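Just so we're clear, the structure is a prediction, and the values are computed from it rather than from any experiment. A, B, ... follow the sequence lines: proteins, then strands. Residue 1 opens every chain.
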Number of protein chains: 2
Amino acid sequence: MNAAPGNTPRPDLAAMVVPLGRALMAAERPVLDAHGLTMWAYAVLSHLDETPLRTQAALAEAIHADKTRIIAVLDDLESRELLTRRPDPEDRRVRLLSLTPEGRRLRDTVRTAVREGEERLLEQVPAADREAFLRTLGFLYEVSQGHPGR
Amino acid sequence: MNAAPGNTPRPDLAAMVVPLGRALMAAERPVLDAHGLTMWAYAVLSHLDETPLRTQAALAEAIHADKTRIIAVLDDLESRELLTRRPDPEDRRVRLLSLTPEGRRLRDTVRTAVREGEERLLEQVPAADREAFLRTLGFLYEVSQGHPGR
DNA sequence: TATTGTTATACTCTATAACTATA
DNA sequence: TATAGTTATAGAGTATAACAATA
């Protein structure tokens, strides 16, 4: 149970991170379901608000999804008037995406609820550890996704 | 970028943890492939070594898998003589599982390689943060899996 | 010819239900 | 009848390839 290299001081990283991720997603699900959103729909709403994107492919890449996979998501969100999708006049192959006011409102509602659940979990962690954890998690996330801010 | 509640101090936890988990699994894959192991096969080898289990159902639960899903895995590992699976004489419905010496050896080899990869990643994190991160990750993992040691 | 968005298809992973053999 | 293990089936999620529109 020590930290000597080559020993067994802990379960494999992936063996903890992957199940934790599954559990976090499962905890979010009721919130998302209550608003008729899939995880990917929520990811789209979240990301669109922060960084307006010009193409669907860029959006897909930003949320680490396949470009073919978000199409049904966009269809749904558009039909519910949570976002608009119009051809770019300057290049009519491109679809300009933007959140509607209702889309932004929904996003805020859901995000707040999601964050509340996460805070309840993190509350159980000592404050000092919490900060280091979030900082390191953010760092490892960036590095693992191709460290854009290397 | 502060910690005021309700603000946007960070991406959602799940939005970082899930992709990080995917990346960690992807990083492990070459190691596992090199030894002809799936992720579940590795999980089985890892867990069997630590805690000898009397039933397949208990093993499945321990690694958070479906009991029907590990059967093909056990078939494969047994045919490769990495583990043995014999009926319990006292209750012939039950299969007693145990790692063979080769199974244990393979598990050690793979685990060492996996850990090396993880260490290379963790090396980039300041030592103080690293410890807090691993401690907190372990804690959150336990809690999220039904906090057996609550 | 190359690119954006779209559709269709196939493949993997996972969950559910039905079956057998023991008890 | 209940339980351990097994098999078969169906469903969700994902990736690949082919297609239409525009450049």
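We find that NZ of A/Lys67 is positioned 14 Å from P of D/dA15, with the value rounded to whole Å. Remark: P of D/dA15 and CZ of B/Arg29 are 11 Å apart, rounded to the nearest angstrom. Atom-to-atom, CG of B/Leu59 to P of D/dT6 comes out at 12 Å; the value is rounded to the nearest Å. Atom CD1 of B/Ile70 is separated from atom P of D/dT7 by 13 Å (rounded to the nearest Å). Regarding A/Gln56, its CD atom lies at a distance of 14 Å from the C1' atom of D/dA21, rounded to whole Å. Atom pair B/Glu90:CD and D/dA4:P shows a separation of 15 Å (rounding to whole Å applied). Atom-to-atom, CG of A/Asp88 to P of D/dT22 comes out at 13 Å; the value is rounded to the nearest Å. D/dA18 atom P lies 17 Å from atom CD1 of A/Ile71, rounded to whole Å.
Ranked by how close their nearest DNA chain D nucleotide is to the 5' end, A/Met39 and B/Arg85 are led by B/Arg85. Heavy-atom nearest nucleotides on DNA chain D were determined for B/Ala57 and for B/Arg22, and the one closer to the 5' end corresponds to B/Ala57.
Side-chain contact check for A/Tyr42 versus A/Arg111: some heavy-atom pair is nearer than 4.5 Å. Proximity of B/Val17 to B/Leu140: side-chain heavy atoms (C-beta onward) are nowhere separated by under 4.5 Å. Looking at heavy atoms from C-beta onward, B/Gln124 lies in side-chain contact with B/Leu121 at the 4.5 angstrom threshold.
Ring-plane geometry between B/His64 and B/Tyr141 is classed as perpendicular, the angle between the planes exceeding 60 degrees on a 0 to 90 degree scale with a lower cut at 30.
Contact check, A/Trp40 against D/dG13: no side-chain N or O comes under 4.0 Å of OP1 or OP2.
Surrounding CD of A/Glu78 are more than 12 heavy atoms belonging to other residues, nucleotides or ligands, all under 6.0 Å away. Annotation: B/Glu102, atom CD; neighbour count of heavy atoms from other residues, nucleotides and ligands within 6.0 Å is above 12.
Screening B/Arg85, B/Glu61, B/Lys67 for a side chain to side chain donor-acceptor pair (under 3.5 Å) involving B/Gln56 leaves a single residue, B/Arg85.
Within the 4.0 angstrom heavy-atom criterion, base atoms lie near B/Asp66.
Below the 3.5 angstrom threshold, one finds a donor paired with an acceptor across the side chain of B/Arg93 and the base of D/dT3.
Bracketed by its first and final contacts, the part of DNA chain C lying under 4.0 Å from non-hydrogen atoms of chain B reaches from C/dT14 to C/dA23 in 5' to 3' order.
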